[in-house]
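Presented below is the structure to which this report refers.
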Protein chains: 2
Amino acid sequence: MTNKKMNNTISVDCVIFGFDFEKLNVLLVDRELKNEAVGGEAFTDLTLTGNHILENESLEDAAARVLFDLTGLENIYLKQFGAFCDPDRLKRPNDQAWLKASGRDPGSRIISVGYYSLLATENVTLKWKGRNVKWYPVSEVKDLAFDHMVIFKSALQALRRELLHEPIGFELLPEKFTLSQLQKLYEVILDVEMDKRNFRKKIARMKYLIALDEKQKGVAHKPARLYTFSREVYEKNRKEVLDFNI
Amino acid sequence: MTNKKMNNTISVDCVIFGFDFEKLNVLLVDRELKNEAVGGEAFTDLTLTGNHILENESLEDAAARVLFDLTGLENIYLKQFGAFCDPDRLKRPNDQAWLKASGRDPGSRIISVGYYSLLATENVTLKWKGRNVKWYPVSEVKDLAFDHMVIFKSALQALRRELLHEPIGFELLPEKFTLSQLQKLYEVILDVEMDKRNFRKKIARMKYLIALDEKQKGVAHKPARLYTFSREVYEKNRKEVLDFNI
DNA sequence: GCAAAAGTGTTGTCTCTACACCCATGT
DNA sequence: ACATGGGTGTAGAGACAACACTTTTGC
C-alpha cells in the first residue's frame, strides 16, 4: 500500500476522449526534447498520457491514477481495450532519444496496456507533470510518438464498437443533456447521419433515458427538454440479441 | 529472429475453445507437483495453456506458438481479450510452490495477456510438453490454478459477446456443417433456445452462409444439407447497427 | 419579426415471434 | 415399420426508413 516503487516493464496508456457537443476530442501531451546531446535532434511531438505501474498496483488503478493526476477526477469511466507489446514499439529514433534523455533503458521491452476513458468535458481543468495537455479533435490526430497512433486507433475502434452495443455515450455528456446533444454524439463518433424523428422514437423505447421536468436555459431558440440516464433501469432490463447480420 | 531468449515478466495465456456438436469445451493441462521439498504439499490441479513471450516475439506470435506446440495447427482464430496483472495473481500457496519448483522467482510481477481461440475439434491431436492436455466441458470448469479462473471467465464473456456481434461461430465447426449444428452452437454458447424455423429464416438473409450441393452421409435420418461460411462475402456486406436496446 | 433549433405522425417495408406437420434415411 | 432429426409457411406485432411542418425562445 505504501510501496511506491515503479515497475519498469509494465505501463498503461490512457486514451481520454471528450465531447464538446460538436466533435470528439482526445487529450494529448506535448513531448519536447530540447537537448541534442542524447543523440537525436531536438523535436516536439505528441503522446497519449500514461505511466508505468507501481509494484503493488493493479493496471486499472494505475490508469485511474493517471487520470486523477491529470484531471483531479475520480470514478471516471475506464475501459481496458488492448495490450501493446510489439518488439519495435519504442524503437524509432525520436523515441530512443527520448528514453535515453529521461534516463530509461532504450533497449528494454515494455508492455503497455491501453485504457480509454470518457469525460464530460465541461469544467475540466488539466495539469500534467508541468507538460502541456490539450484537447485535439480526433479527426486531426496524426503522427503520435512511440506506437501511440496504433494505440489511439485501437481505442477509437473499441469505443465505436462499444458505443454500438452498450449505453456509454452518456459518460461523454453532462448529467443532464438534450436529445439533440445525444444524437449529435452518435453522429460524430460513428460518422453517420440520423433522422431526428426516428432517433427520438428509438430513444422513447429505452426506458432508462429519463425525461426531466426541466429545460435548457439561455439558448436563442426553443429550449430543449433535458434528459438523464439511469444505469439502474438499464441494468434491470438489459438483454442482448443476435445481430451480426448481412 | 534467432533470439530465443525468454522475457520473464510478460506471458500469454490461451483459452482454447472447442465444440463437439453437443457442448462447448475448453483445453486444460494438468499441473502436478510431486516434490514436497519446495515448501508446499504435493498437489494436482489444472491450468490454461500459456507461456512467456520470447524477447523478439509479438504477443500474438507467442499465442500462436503455444497453439502450434499444442496442436500442430497454424492460422487458428486468435483473439486478444484482456491483460491480467493483479499484484496477487500468482500468490496462492500452490502457485508459489509451483513457481519455486520450476525455478522461477515467486516474488516477481508477471503480466499475462489472454487470447482465446476457436478450434474445430475433430481430428485434433494434442501434445504439450509431456503434460496431460484434455478437453473439459466449459460448464464443469472450476478451481483453476493461478488466476486462470478469472482469465477463463473473462474469455468466455468475451467469446459470448463476440459471438453475438461477429460471425465467429464457424471457427468452431468443420468447413462444411449443417444448420442444426450451427444452431446448436449458438444455443450452447449463449445458453438460449432457438426456434428452428426462425433461425433458418435469419440464416437465409445472411448471404455469406452458402448452401452447398452436398448432404450429410451415414446418419440414421434424413441427411441434412451442408453449408459453408464465406468470409469474402461477409466482408463485402458488413454493416453495423445501433443495438443497445431496452 | 426573424433566426435557430425543438418537437411531433404516418405509411410502407422489413423483422420478429409463435407455432405443427411431413420427409428421407438407417436399422 | 419405426425412430430420428431435416425441412418448411403463415399471421400478428413490433421496428425501421423516409419524409415536412409548427413551436418557442433570444435578439
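In what follows, every chain begins at residue 1, and chains take the letters A, B, ... in the order their sequences are listed.
Where A:Gly218 and B:Tyr227 each meet DNA chain D at their nearest nucleotide, the meeting point lying more 5' is that of B:Tyr227. Both A:Arg197 and B:Ala220 lie near DNA chain C, and the one whose nearest nucleotide falls closer to the 5' end is A:Arg197.
Remark: the B:Lys201 side chain and the D:dT10 base include a donor-acceptor N/O pair separated by less than 3.5 Å.
In summary, the aromatic rings of A:Phe81 and A:Tyr115 are positioned with their centroids too far apart to meet the 6.0 Å limit.
The shortest distance between the side-chain N/O atoms of B:Arg205 and the OP1/OP2 oxygens of C:dC16 is below 4.0 Å. Dashed line: the shortest gap from a side-chain N or O of A:Lys202 to OP1 or OP2 of D:dC16 is under 4.0 Å. Taking 4.0 angstrom as the limit, A:Ser180 places a side-chain polar atom (N or O) nearer than this to OP1 or OP2 of C:dA6.
Residue B:Lys222 contributes atom NZ, which lies 7 Å from atom P of D:dT8 at whole-angstrom precision. For B:Lys215 and D:dG5, the NZ to C1' distance is 13 Å, given to the nearest whole Å. Here D:dG5 presents its P atom at 11 Å from CD of B:Gln216, a figure rounded to the nearest Å. Distance, A:Phe199 CZ to C:dG9 P: 18 Å, rounded to whole Å. D:dT4 atom P lies 20 Å from atom CZ of B:Phe21, rounded to whole Å. With rounding to whole Å, B:Lys217 atom NZ is found 16 Å from C:dA24 atom C1'. A:Leu179 has its CG atom 7 Å from the P atom of C:dG7, to the nearest Å. To the nearest angstrom, C1' of C:dT17 lies 8 Å from CG of B:Asp195.
Scanning both residues, B:Thr49 and B:Trp128, for their nearest heavy atoms gives CA-CH2, 4.1 Å.
Which of C:dA18, D:dG6, C:dT8 sits closest to the side chain of A:Arg200 comes down to C:dT8. Distances were taken from every side-chain heavy atom of B:Lys196 (C-beta onward) to each of D:dG6, C:dG9, C:dC19; the shortest belongs to D:dG6. Distances were taken from every side-chain heavy atom of B:Pro223 (C-beta onward) to each of D:dG9, C:dT8, C:dT25; the shortest belongs to C:dT25.
For A:Arg31 and A:Phe43, the positive end is not near the middle of the six-membered ring at less than 6.0 Å and at most 45° from its axis.
When the options A:Tyr186, A:Tyr77, A:Phe177, A:Tyr227 are evaluated for a ring pair (Phe, Tyr, Trp, His ring centres under 6.0 Å) with A:Phe170, the one that passes is A:Phe177.
A:Asp20 and A:Thr121 share no side-chain donor-acceptor pair at under 3.5 Å.
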